[in-house]
Amino acid sequence: MNRRPTLLAALALTATAALTLSACGSDDDSTTKDNDKIAGADTDKEKSPSPSESASTSAARPKIELPSDVTYEFQWKKTGDPSKDAVLSDSEQRVKAVDMAIAEQDPLHEAYRFYSEGTAAAGSEKYIKEFVDHQARTTGLTRYYNEDVTVHDDGTAALVYCEDQSKAYNKFLKTGKTDVTPVTKDAYVIYASTLRKNKSGVWVTERLTSQRGSAKCQP
């Protein structure tokens, strides 16, 4: 979209992912243009189980069901490292879970809260509520690329990635109207997240920040 039309320009979060209304709520309050957050990830000080520990991977993951007009292109490459690939997979599910919460107009949806905690979850809740308040949801195609993932020995991880919102928009539920906006450099957003592997083997996002118009993400 520019998934952030004038109506919702006051959103103070991202996100995956900031989508001007879409996939990733951010928790940062940095005062940058359009309230977008600066990219950067802080590692939680609380020691978490090591990624090498054989935590259960059989957690009852929520089923993600989205409207047919909400689509994604995740260009994240498999690394061959089980922990890194798990971080990417769970981060992808978090992005989709936020859009599902928006589509279902539920700021406390269990799906996104399964994949996020702390300030990331609080930011997503606020982000989703903006859509609910304006009776809107996301539509269109969102692309994710230029990922960089690092897994630490203390059971935490950092993920930085880009989002292309040039084909993603806001759709208003009452009228069915899609707000198609011009593509500018602000349609390209960089995100940084901090994750922790929980006891169920899920990589949970604890902190998420973003910056719109990042030079690293421009086509």
Minimum heavy-atom distance [X]-[Y], with the two atoms named:
X      : Y      : result
Gln75  : Glu147 : O-OE1, 4.0 Å
Leu195 : Leu159 : CD1-CB, 4.1 Å
Trp203 : Ser83  : NE1-O, 3.9 Å
Leu208 : Thr205 : CB-CG2, 4.3 Å
Thr178 : Tyr169 : CG2-CB, 3.7 Å
Met100 : Ala111 : CE-CB, 3.4 Å

Evaluation steps, salt bridge (Lys or Arg N to Asp or Glu O under 4.0 Å), between Asp69 and Arg137: CA-CA 11 Å; Asp69 61 330; Arg137 68 169 176 84; 3.1 Å; yes

Without swapping roles, check the side chain of [X] against the backbone of [Y] for a donor-acceptor pair under 3.5 Å.
X      : Y      : value
Ser124 : Ala120 : yes
Arg212 : Asp186 : yes
Gln218 : Ser214 : yes
Asp106 : Ala101 : no
Gln105 : Ile102 : yes
Ser116 : Tyr112 : yes

From [atom1] ([X]) to [atom2] ([Y]), nearest 0.5 Å:
X      : Y      : atom1 : atom2 : result
Ile190 : Thr209 : CD1   : OG1   : 9.0 Å
Lys78  : Leu88  : NZ    : CG    : 8.0 Å
Gln135 : Leu173 : CD    : CG    : 6.5 Å
Tyr188 : Glu163 : OH    : CD    : 11.5 Å
Ile128 : Asp133 : CD1   : CG    : 12.0 Å
Gln93  : Arg61  : CD    : CZ    : 7.5 Å

Check this for me: Lys216, atom NZ, are more than 12 non-hydrogen atoms of other residues, nucleotides or ligands nearer than 6.0 Å? yes

Can you list the steps and then say if Val149 with Trp76 is a side-chain contact (heavy atoms from CB on, under 4.5 Å)? CA-CA 10 Å; Val149 58; Trp76 296 347; over 6 Å; no

May I ask you to decide whether Lys96 forms a salt bridge with Glu92, counting only side-chain N to carboxylate O separations under 4.0 Å? yes

Going by the angle between their ring planes, with limits at 30° and 60°, are Tyr144 and Phe74 parallel, tilted or perpendicular? parallel

